[in-house]
Undergrad: 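I have a structure here, written as structure tokens, and I will follow up with some questions on it.
Below, chains carry the letters A, B, ... as their sequence lines are ordered, and counting in each starts from 1. Every value quoted in this text rests on a predicted model; they were computed, and no experiment measured them.
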Amino acid sequence: MTFTPADQPDPVATRGKRREKLAGRRELVVDRIACTGHGLCASWLPERVRLDEWGYPVVTVGPVPVELLAHARRAAAECPVRALLLR
Amino acid sequence: MIVNDSRRVDLARTDPRAVLGLLHAANLRGHGGAGFPTATKIESAQGRRPRLIVNACDGEPLVHKDITVLRHAAGLLADGAALVASMVQAFEVVIAVHTTAVLDAERIAAQLGPSARVLTVPDRYVASEGSALASLAAGGRARPFTHLLPLTHGGLSRGNVATLVLNAETVARVAALWLDAAEGRAGSAPPARLVTLAGAVRRPGVVEATVDTRVGALVEAAGAPTTRRAVLVGGYGGRWLSWADAAPTSLADLGPDLGAGLIMVQGADCPLRVVGSILAYLAAQSAGQCGPCAFGLPAIAADWAELAHPATAPAAHQRLRRRLPVVEGRGACSHPDGAVRMASSALAVFGAHGRGHAHGRCHHPDDEATPPIVLDHPRLRLEPAR
């Protein structure tokens, strides 16, 4: 019953029309159990992620603006434990 | 009223669609704490052949309503479970209890037949959270897991089993609603809730009361103390209300704040110590999986402990104001949210008392003693239906 991101459709791999449709509605979600506070997300996407005093991400609520989507995708991809999801 | 209600459901003559309609009409919401609409939850599990988990754990340490249902509404609980199981075509029914209630649960499972079993849940606060139960029932650990989809859809991983978790009282009320409707009495009386009175009352225990009953009347009936500062409603992760606000409020007006049905009365004791004890308990009961909860709750509990001393109080107060909103909503389960809700409402209700502390003005005879954790369970006591 552990969290396995591999089971989910990879948002980065989702191309074409679906991506067009979802742009502007994508939200950053943190798998709080998987997250171990590496803090890379706050470096890749400081516009949407800051770290709390213990080093865990505080993510701005709401859809990621279209102009930040590329950075958000990169931040999610760079997470060492795949705890940052763009859904 | 479900306590000591010996009616039984003729399962051969029930109509799942009609039951669902009844639940919608009665607006039955889960009595386990979250208050989610039961009909919606059942609908979302339909067609998925889920595992049905009846949560009879009484996860809130002071609350004794699930054991009351197991012992005094056993027939309705068994029939309600069978009814819901047939509505969603559950492949098995699991009755989740802590060790103290295993024998009571075995009796219910025996009535339900071979597709029912009893699940013994570790005695930890978060072990009876919905996703923790789903995990344990599936052979995993009794810890919450991240579910970005509803549990009735399997949670997250596609390999997960769809799981429908319902509180024991909720399940018994489903059967009672059906029986009322079959007798043509649907909606004739206001719905009832099991409420556990605890804290400074002289006769703590479980009562069943209609939702138009006022908190003040319930507390008076249980033997109110002479000094009534406030009540904690819902559970340890609930909300503090000043006595003046709580007394005239009916159970229905409390809405989702009634949670798992706890009404804990705060008498003359120093409220800072009671709140501090609860925060220390909640911090210790974190599953330690999510950083904001594992680090945030102990920090908040430590800040709270410093509120009692004039020298440290102002800085501690500032840290609490900063930390409480940061921790909220950042766990896989709502454990940290409950702790934050409890602490924030305590700051609002006991603010004047806290300022007295800051000036060295709390004169309680046992102030120097280590605060006792308020975990002793009230004796099980039943009052005749009113």
Side-chain angles (χ1 to χ4, degrees), chain A residues 1-14 18 22 25-46 48-64 72-73 75-87, chain B residues 51 126 129-149 151 153-163 286-300 302-303 319-320 322-337:
Chain A
M1 194 73 45
T2 50
F3 167 68
T4 47
D7 285 1
Q8 285 296 293
D10 184 353
V12 181
T14 315
R18 184 177 138 81
L22 288 174
R25 288 202 283 136
R26 290 300 206 44
E27 277 194 66
L28 281 171
V29 181
V30 181
D31 179 343
R32 298 290 174 186
I33 294 177
C35 175
T36 44
H38 286 82
L40 294 188
C41 48
S43 301
W44 281 106
L45 195 63
R48 305 289 290 182
V49 184
R50 64 184 178 88
L51 299 181
D52 66 15
E53 59 186 296
W54 305 285
Y56 291 89
V58 180
V59 178
T60 310
V61 180
V64 178
R73 262 186 222 111
E78 293 287 348
C79 175
V81 289
R82 301 299 300 267
L84 189 67
L85 313 171
L86 189 62
R87 304 180 78 239
Chain B
R51 170 182 285 127
V126 293
E129 186 266 350
S131 70
L133 287 181
S135 167
L136 184 67
R141 300 182 305 171
R143 288 186 176 186
F145 66 93
T146 305
H147 49 286
L148 302 178
L149 294 174
L151 293 174
H153 294 198
L156 182 76
S157 305
R158 269 175 273 168
N160 285 357
V161 180
T163 310
S286 164
Q289 301 187 114
C290 309
C293 180
F295 292 99
L297 295 196
I300 287 169
D303 289 342
R319 282 199 303 277
L320 276 173
R322 190 187 76 231
R323 280 174 172 163
L324 287 171
V326 166
V327 169
E328 189 174 15
R330 290 176 61 227
C333 72
S334 55
H335 183 63
D337 307 3

Undergrad: For Arg51(B), what residues pass the salt bridge (charged side-chain N to carboxylate O under 4.0 Å, His left out) criterion, not counting sequence neighbours?
TA: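 Listed in chain order: Glu92(B).
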
Undergrad: Where does Val29(A) contact chain B at under 4.5 Å (heavy atoms): side chain, backbone, both or neither?
TA: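 Answer is side chain: those atoms of Val29(A) sit under 4.5 Å from chain B.
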
Undergrad: Where is the tightest heavy-atom contact between Pro292(B) and Arg32(A), given as atom of each residue plus distance?
TA: CG-NH1, 4.4 Å

Undergrad: Check for a donor-acceptor pair, side chain of Arg330(B) on one end and backbone N or O of Tyr56(A) on the other, with a separation under 3.5 Å.
TA: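 Answer holds: yes.
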
Undergrad: Taking all atoms of both residues into account, what is the closest heavy-atom pair of Gln289(B) and Ile33(A), and its distance?
TA: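 Nearest heavy atoms, Gln289(B) then Ile33(A): NE2-CD1, 3.5 Å.
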
Undergrad: Restricting to non-hydrogen atoms, name the atom on Gly296(B) and the atom on Trp54(A) that form the minimum distance, rounded to 0.1 Å.
TA: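 Scanning both residues, the minimum pair turns out to be CA-CH2, 3.5 Å.
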
Undergrad: Ala72(A): what forms a side-chain contact (heavy atoms from CB on, under 4.5 Å) with it, not counting sequence neighbours?
TA: Leu28(A), Leu45(A), Val64(A), Leu86(A)

Undergrad: Please classify the contact between Ala299(B) and chain A as side chain, backbone, both or neither, with a heavy-atom cut-off of under 4.5 Å.
TA: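 The side chain, not the backbone.
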
Undergrad: Arg143(B) versus chain A, heavy atoms under 4.5 Å apart: side chain, backbone, both or neither?
TA: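 For Arg143(B), no heavy atom lies under 4.5 Å from chain A.
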
